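Structure first, commentary second.
Throughout, residue positions are numbered sequentially from 1 according to the sequence presented. Note that the structure is predicted; figures quoted are calculated from it, not measured.
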Amino acid sequence: MLDDLEKLESAVRAFELEADDFVDPRRLAVVIDCLQAKLCKVVDRARKRGDHQLARLTPASWVARTCGLSRTSAADRLCVGKHLESLPETGRALAKGEIGYQSASAICHLREQLGDKWDPANEAETVDYARNFSVENLRLLLRQARYAADPEGFEKDAEDDYERRWLEVSPLLDGMHAVDGVLDPMTGAAFRTALESLALWRGEGDTRNHGQRMADALGELLDHHLNQGRLPRKNGVRPHVTLTTTLENLKREVGSPAAELERGMPIGGKTVERLACDCTMSRVLLADSMVIDVGRATRTVAPATRRALHKRDRGCRWPGCDRPVGWTNAHHVEFWSRGGRTNLGNLVSLCHYHHRLVHEGGWQVVKAGSEFRFIPPERLRAWFARGPDLQAAA
């Protein structure tokens, strides 16, 4: 005789072999959710028997190891298994497919959080909300219910959540940086709001995906605040990014060593040219690898010139860009590193994104009277490929 689990396994194998991929996904999801509910009851029964103690593990760790789940998912299954039988309306709605597993899980977690303050008379109304709201909106609604029923417990959980915050910025071997962390609700909301305001799509020429726009928005935000010079000083010095390069590298001479960031990570010459447009520069003379003289730190764009540039441009000069002048850098039309002069006629204000397009992206800025024209790299390639006399011949 086959036991019940073997019958289920046999039925699943038969379904996989015989059914095509055009089954009703909703009905399939209902079956899977019912099996999830059964798994929750099974692991809760195992917890009550003390199966985890034989392995010298916590219940969540035992379920995670046994079922191949994360500890968070394992704790969720234990919570649902603990409370689902005491929530008959929730169990019936889940079995009929009226609500999904995640909605049932959210209700069970509310039951766990409220403890003795849970009112069974409210279950039918809560399940009705689950039938009509998305999982995300239901969770928000249940947080409101938690606060209304147990404000002190809500505040305690909020403080516990705050203690879970962390953020790490880790350099990778190729010079990129991995950013990972968990932020409290207020900091997370402020972080998203600040980045999303700078990560809007810039039009048809903007081929970046949303993640790339968010990364660029973070870069623009950091660049702006570092340029403002209002961050707290560290060891008496304003926070800044230090870049070390040679005169030969600035001139892009063949065979010159790459510029380096503070930890010795080399960066490309086009990035050096962009940073050299608008930065503070110090001259250091070396003899046999020994420093023999250090010049004063000077801005590549003098304050008076910058004020005149801001008054003239009043913002990023790229067509359609809405960045105000305080969010721009001074760009040398003829690159400073190639001998371009730092005067008002050779400068134009560009935001972080468009400044990078000119240097690393290969766009070219051409001054036409009092206006500036921005030529994409594909048009430049077409012009240079044409040859000197083909236009006249045409």
Side-chain angles (χ1 to χ4, degrees), residues 5 8-9 12 28-87 90-91 94-95 99-118 126 130 134-143 145-147 150 152-170 172 177-189 191-192 211:
L5 190 55
L8 176 61
E9 292 170 341
V12 170
L28 182 60
V30 170
V31 174
I32 294 173
D33 284 346
C34 289
L35 292 175
Q36 284 282 8
K38 185 63 176 178
L39 173 63
C40 294
K41 295 176 183 178
V42 168
V43 296
D44 181 62
R45 193 71 53 84
R47 177 187 63 81
K48 291 177 180 177
R49 289 196 305 264
D51 290 6
H52 59 283
Q53 295 176 347
L54 297 176
R56 296 183 178 180
L57 295 170
T58 64
S61 296
W62 180 82
V63 173
R65 178 177 297 182
T66 303
C67 302
L69 301 172
S70 67
R71 284 175 52 84
T72 302
S73 297
D76 171 70
R77 302 310 188 274
L78 287 168
C79 179
V80 174
K82 177 181 178 181
H83 294 291
L84 193 58
E85 290 187 356
S86 65
L87 298 168
T90 305
L94 179 60
I99 66 173
Y101 172 80
Q102 290 184 320
S103 296
S105 170
I107 297 173
C108 290
H109 280 280
L110 178 65
R111 173 69 181 85
E112 172 80 10
Q113 292 164 349
L114 291 180
D116 295 338
K117 296 182 180 180
W118 168 261
T126 305
S134 66
V135 176
E136 292 79 7
N137 289 335
L138 176 66
R139 286 172 175 163
L140 292 175
L141 181 67
L142 295 184
R143 284 180 63 85
R146 168 79 195 288
Y147 182 78
D150 183 19
E152 292 183 2
F154 184 93
E155 296 290 350
K156 181 180 181 301
D157 285 354
E159 189 60 27
D160 291 342
D161 288 343
Y162 183 74
E163 291 301 321
R164 292 168 47 216
R165 72 199 185 282
W166 62 278
L167 182 67
E168 288 186 357
V169 182
S170 306
L172 304 180
H177 285 72
V179 182
D180 196 12
V182 175
L183 303 178
D184 65 272
M186 283 301 301
T187 304
F191 187 62
R192 286 187 59 188

Distance in Å, Ser105 OG paired with His109 NE2, rounded so as to fall on 0.5 Å steps: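 Going from the OG atom of Ser105 to the NE2 atom of His109 covers 3.5 Å.
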
Heavy-atom donor-acceptor pair, [X] side chain to [Y] backbone, under 3.5 Å:
| X | Y | result |
| --- | --- | --- |
| Ser86 | His83 | yes |
| Arg111 | Gly115 | yes |
| Arg164 | Asp161 | no |
| Arg143 | Arg139 | no |

Heavy-atom distance under 4.5 Å between the side chains of [X] and [Y], does that happen here?
| X | Y | result |
| --- | --- | --- |
| Trp118 | Gln113 | no |
| Cys67 | Leu39 | yes |
| Thr66 | Val43 | no |

Asp44 and Lys41 ion-paired at < 4.0 Å: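 Salt bridge: no.
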
Salt bridge flag under 4.0 Å for residues Asp150 and Arg146: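 Looking at Arg146 together with Asp150, the answer is yes, because their closest N to O distance falls below 4.0 Å.
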
Within 6.0 angstrom of Phe154 CZ, more than 12 heavy atoms from elsewhere: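 Atom CZ in Phe154 is crowded, with more than 12 foreign heavy atoms closer than 6.0 Å.
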
Over-ring placement of Arg165 relative to Tyr162, 6.0 Å and 45° cut-offs: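 Yes, cation above the ring, under 6.0 Å and within 45°.
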
